[in-house]
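Okay, so here's the structure we're looking at.
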Amino acid sequence: MRRHFRVEQANEMLGAVREELRAARDAQQGRQRAEAELHGYRKRLVWAGGAIPNANRMGAYEDQAKLAHGDLTRAMNRLEDMGVEVKDLEQGVVDFPTRYRGETVY
């Protein structure tokens, strides 16, 4: 069941929402960084004529990406549990559903 907010309730939650958005953005950036590093490493291997990859290095990049993905998922779940709908994570745009004339509006 969707939660509905009054303006006062939404305003009271802004601090907690900002914290979770920050955590989610940081995790997303960490995941993107790890994936970019892994992609770059694989590309360098190809340029090196198919050199033998360092499994530890590749595993570290993959682990970083998985950890960051888990952090992102948890932060997004916490926002969802609050009843907030994330519209644009990068910009920090969220909606607080409310009721107006019997309908859900934002």
Side-chain angles (χ1 to χ4, degrees):
M1 177 154 205
R2 176 181 284 167
R3 180 175 177 187
H4 294 96
F5 297 87
R6 292 188 321 273
V7 172
E8 302 81 28
Q9 292 171 312
N11 285 333
E12 288 173 7
M13 292 182 64
L14 285 177
V17 169
R18 282 187 189 112
E19 249 181 69
E20 292 303 335
L21 284 172
R22 194 172 305 119
R25 270 196 312 267
D26 289 349
Q28 182 179 45
Q29 290 169 354
R31 184 186 68 179
Q32 290 170 340
R33 202 170 25 256
E35 289 173 351
E37 289 173 1
L38 178 60
H39 179 73
Y41 181 67
R42 286 180 176 155
K43 190 181 271 189
R44 287 189 298 277
L45 289 173
V46 170
W47 289 343
I52 297 173
N54 180 325
N56 290 334
R57 189 177 207 180
M58 288 184 69
Y61 292 141
E62 290 169 350
D63 289 346
Q64 289 171 3
K66 286 177 188 175
L67 287 171
H69 180 76
D71 291 344
L72 173 60
T73 299
R74 284 185 291 281
M76 295 298 287
N77 286 340
R78 287 189 297 268
L79 286 163
E80 183 179 318
D81 290 344
M82 289 178 188
V84 175
E85 295 184 22
V86 177
K87 299 299 181 179
D88 185 326
L89 181 58
E90 287 299 314
Q91 297 296 317
V93 177
V94 297
D95 273 334
F96 292 87
T98 192
R99 301 284 294 168
Y100 180 73
R101 294 187 179 177
E103 292 189 38
T104 298
V105 295
Y106 300 92

Take Arg78 and Asp81 through the test salt bridge (Lys or Arg N to Asp or Glu O under 4.0 Å) and record every step on the way to the result.
CA-CA 5 Å; Arg78 287 189 297 268; Asp81 290 344; over 6 Å; no
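- When all heavy atoms of Val86 and Leu79 are compared, the pair lying nearest together is CG2-CD1, 3.7 Å.
- When the ring-ring contact (aromatic ring centres under 6.0 Å, His included) test is applied to Phe96, the partners found at least two apart in sequence or on another chain are Phe5.
- At least one side-chain heavy atom of Glu90 sits less than 4.5 Å from a side-chain heavy atom of Gln28.
- In this structure, the separation between NE2 on His39 and CD on Gln32 is 14.0 Å, given to the nearest 0.5 Å.
- A 6.0 Å sphere centred on NE2 of His4 holds more than 12 heavy atoms belonging to other residues, nucleotides or ligands.
- Nearest heavy-atom pair, Pro97 versus Glu85, reported as atom, atom and distance to 0.1 Å: CG-OE2, 3.6 Å.
- Cluster annotation: Leu72 is connected to Val94 through the hydrophobic network of ILVMFWY side chains, with a link wherever side-chain heavy atoms come within less than 4.5 Å.
- When the options Glu37, Arg33, Arg31 are evaluated for a side-chain contact (heavy atoms from CB on, under 4.5 Å) with Gln64, the one that passes is Glu37.
- Taken to the nearest 0.5 Å, the CZ atom of Arg18 stands 10.5 Å off from the CZ atom of Arg25.
- In this structure the side chain of Asp26 reaches within 4.5 angstrom of the side chain of Gln29, judged on heavy atoms.
- Using a 4.5 Å cut-off on side-chain heavy atoms (C-beta onward), Met58 and Arg42 make contact.
- A distance of 5.5 Å separates CG of Leu89 from CE of Met76, quoted to the nearest 0.5 Å.
- Other residues, nucleotides and ligands contribute only 12 or fewer heavy atoms inside 6.0 Å of the CD atom of Glu80.
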TODO: Verify side-chain contact (heavy atoms from CB on, under 4.5 Å) between Glu35 and Leu38, making sure each step is shown before the conclusion.
DONE: CA-CA 5 Å; Glu35 289 173 351; Leu38 178 60; 5.7 Å; no
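- When all heavy atoms of Leu21 and Gly92 are compared, the pair lying nearest together is CD1-O, 3.8 Å.
- Each of Val7, Thr104, Val105 was evaluated against Thr98; a single residue qualifies, Val105, per the side-chain contact (heavy atoms from CB on, under 4.5 Å) test.
- Of all heavy-atom pairs spanning Arg3 and Met13, the tightest one is NH1-SD, 4.0 Å.
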